[in-house]
> 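Please read through the structure below; I'll follow up with questions.
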Amino acid sequence: MENDYSQLIKKVMNSEIDALQNVEKNIDPSFNTIVDAVLHCEGKIVFMGVGKSGHIGKKLAATFASTGTPSFFVHGTEAIHGDLGMVEKKDLVIAISNSGETQEVLAPIPSLRRIGSKIIALTGNKNSTLAKASDLVLMVKVNHEADDFNLAPSNSSTAALVVGDAIGLTVSHLKGFQEKNFANFHPGGALGRRLLNSDFRIHEKKVNEQ
């Protein structure tokens, strides 16, 4: 008989689900301020992080960009070795660090201040150095991680991803982003073919009706 690891798998999954439910319960009016800041940003949304938070930042930048909010990712370490040249005063930087004490994320802050960009801290610690150095704080706090030792970023990184997606898609909705817009940004793969073919058929129908 094959080993059954389903209970261990479910334990991890339920831990992450519980963490997300707890984050959802703690959504407050401060989230409105974050949405407004992203919605009215005149430049690009710049995600910044390292490690697992960096991977989350890359995914969020891709989500924002594909749903109508120009965005890109800058690695915290690369930022202080020249990549800060990508950032402009009108941009909005979302710095991701669960602890709020990640040195590679804190290091670019003085330069970002000189550039003049507004900074949002996406963190689980409202009293952290990052939170205190930022203009706005997006609190995404989890009580523990999903591994046995409470060490591996899992609940915290999943929560950051889900909250980031929620902010990005809320802004997309408020901008009136449409399926045809998504097709323009995502012409590749099966999804792109489906959207573009659908758009072409609609256009063809309108031409024939004229």
> Can any side-chain N or O of S172 pair as donor or acceptor with the backbone N or O of G168 at less than 3.5 Å?
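Absent.
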> Give a yes or no answer on whether the side chain of E104 reaches the backbone of G49 with a donor-acceptor pair at less than 3.5 Å.
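Looks like no, no N/O pair under 3.5 Å.
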> Within the side chain of D91, is there an N or O that forms a donor-acceptor pair under 3.5 Å with the backbone of S117?
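Not at all, since once roles are kept as given, no pair shorter than 3.5 Å links the two residues.
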> Rounded at 0.5 Å granularity, tell me how far CD1 in I17 sits from OG1 in T158.
10.5 Å
> I34, I27: one ILVMFWY side-chain cluster at the under-4.5 Å cut-off?
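Yes, same cluster.
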> Take V105 and I96 through the side chain to side chain contact (heavy atoms under 4.5 Å, CB included) test and state the conclusion after the steps.
CA-CA 8 Å; V105 176; I96 309 173; over 6 Å; no
> Do the side chain of N14 and the main chain of K10 share a donor and acceptor less than 3.5 angstrom apart?
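Looks like yes, one N/O pair under 3.5 Å.
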> For V46 and V74, work out which heavy atoms get closest and say how close.
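Heavy-atom minimum between the residues: CG1-CG2, 3.8 Å.
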> Count I, L, V, M, F, W, Y as connected when their side-chain heavy atoms are under 4.5 Å apart, and connections chain through other members. Are L169 and L161 then in the same cluster?
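Different clusters: L169 never reaches L161 through Ile, Leu, Val, Met, Phe, Trp or Tyr contacts under 4.5 Å.
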> Would a 4.5 Å heavy-atom cut-off, applied to side chains only, mark I120 and D135 as touching?
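Not touching, per the 4.5 Å side-chain cut-off.
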> Can you find a side-chain donor-acceptor pair between E16 and S154 that sits under 3.5 Å?
no
> List the steps, then state whether side chain to side chain contact (heavy atoms under 4.5 Å, CB included) holds for I115 with E88.
CA-CA 7 Å; I115 292 169; E88 300 179 281; 5.5 Å; no
> So that I know where these two stand, are F72 and F47 an aromatic pair - ring centroids less than 6.0 Å apart?
no
> Between the side chain of S71 and the main-chain N/O of I45, is any donor-acceptor distance below 3.5 Å?
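Yes, the answer is positive, given that a donor and an acceptor are paired below the 3.5 Å cut-off.
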> Indicate yes or no for a side-chain donor-acceptor contact from N155 to the backbone of V142 under 3.5 Å, with no hydrogens or angles considered.
no
> Please check if atom NZ in K52 has more than 12 non-hydrogen atoms from other residues, nucleotides or ligands closer than 6.0 Å.
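Counting neighbours around NZ of K52, 12 or fewer heavy atoms of other residues, nucleotides or ligands fall under 6.0 Å, so no.
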> For residues F64 and I167, determine if any side-chain heavy atom of one lies less than 4.5 Å from a side-chain heavy atom of the other.
yes
> Are L136 and M139 in one and the same hydrophobic cluster, where Ile, Leu, Val, Met, Phe, Trp and Tyr link if side-chain heavy atoms are under 4.5 Å apart?
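As far as the 4.5 Å side-chain criterion goes, M139 and L136 are not connected within one cluster.
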> Return the CG to OG distance between L106 and S134, rounded to the nearest 0.5 Å.
8.5 Å
> Would you check if V93 and K118 make a side-chain contact, meaning some heavy-atom pair closer than 4.5 Å?
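No. Closest side-chain heavy atoms not under 4.5 Å.
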> We want to know whether N98 and S53 form a side-chain donor-acceptor pair, criterion being a heavy-atom distance below 3.5 angstrom.
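Result is no, nothing qualifies.
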> Can you name the nearest heavy-atom pair linking S97 to L130, along with the distance?
CB-CD2, 3.9 Å
> When hydrophobic residues are tied together by side-chain contacts of less than 4.5 Å, even through go-betweens, does I119 share a cluster with I80?
no
> Decide yes or no on salt bridge (Lys or Arg N to Asp or Glu O under 4.0 Å) for D165 and K59, but give the supporting numbers first.
CA-CA 9 Å; D165 276 345; K59 192 276 177 184; 2.9 Å; yes
> For the residue pair K175 / T69, report whether a side-chain donor-acceptor contact shorter than 3.5 Å exists.
yes
> Would the distance check show the side chain of R113 and the main-chain N or O of A133 forming a donor-acceptor pair, the cut-off being under 3.5 Å?
yes
> Mind checking whether T123 and V140 have side chains closer than 4.5 Å, heavy atoms only?
no
> Under 3.5 Å, side chain of N150 to main-chain N/O of E145, donor-acceptor pair present?
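The answer is yes, because a donor-acceptor pair under 3.5 Å joins these two groups.
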> Do the side chain of Q178 and the main chain of G176 share a donor and acceptor less than 3.5 angstrom apart?
yes
> Do P108 and M48 have side-chain heavy atoms sitting under 4.5 Å apart?
yes
> Decide yes or no on side chain to side chain contact (heavy atoms under 4.5 Å, CB included) for L138 and I94, but give the supporting numbers first.
CA-CA 9 Å; L138 179 57; I94 300 180; 5.7 Å; no
> Would you mind reporting whether L8 and V12 have side-chain heavy atoms less than 4.5 Å apart?
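The answer is no, as the side chains (C-beta and beyond) never meet within the 4.5 Å cut-off.
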> Does one hydrophobic cluster hold both V162 and V38, with members joined at side-chain heavy-atom distances below 4.5 Å?
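Different hydrophobic clusters.
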> Quick check: does any side chain N or O of S128 sit under 3.5 Å from a backbone N or O of N125, one acting as donor and the other as acceptor?
yes
> I'd like to know whether NZ of K11 has more than 12 heavy-atom contacts from other residues, nucleotides or ligands below 6.0 angstrom.
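No, the 6.0 Å shell around NZ holds no more than 12 heavy atoms from other groups.
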> Testing the basics here: between K90 and E42, what is the closest heavy-atom pair and its distance to 0.1 Å?
CD-O, 3.9 Å
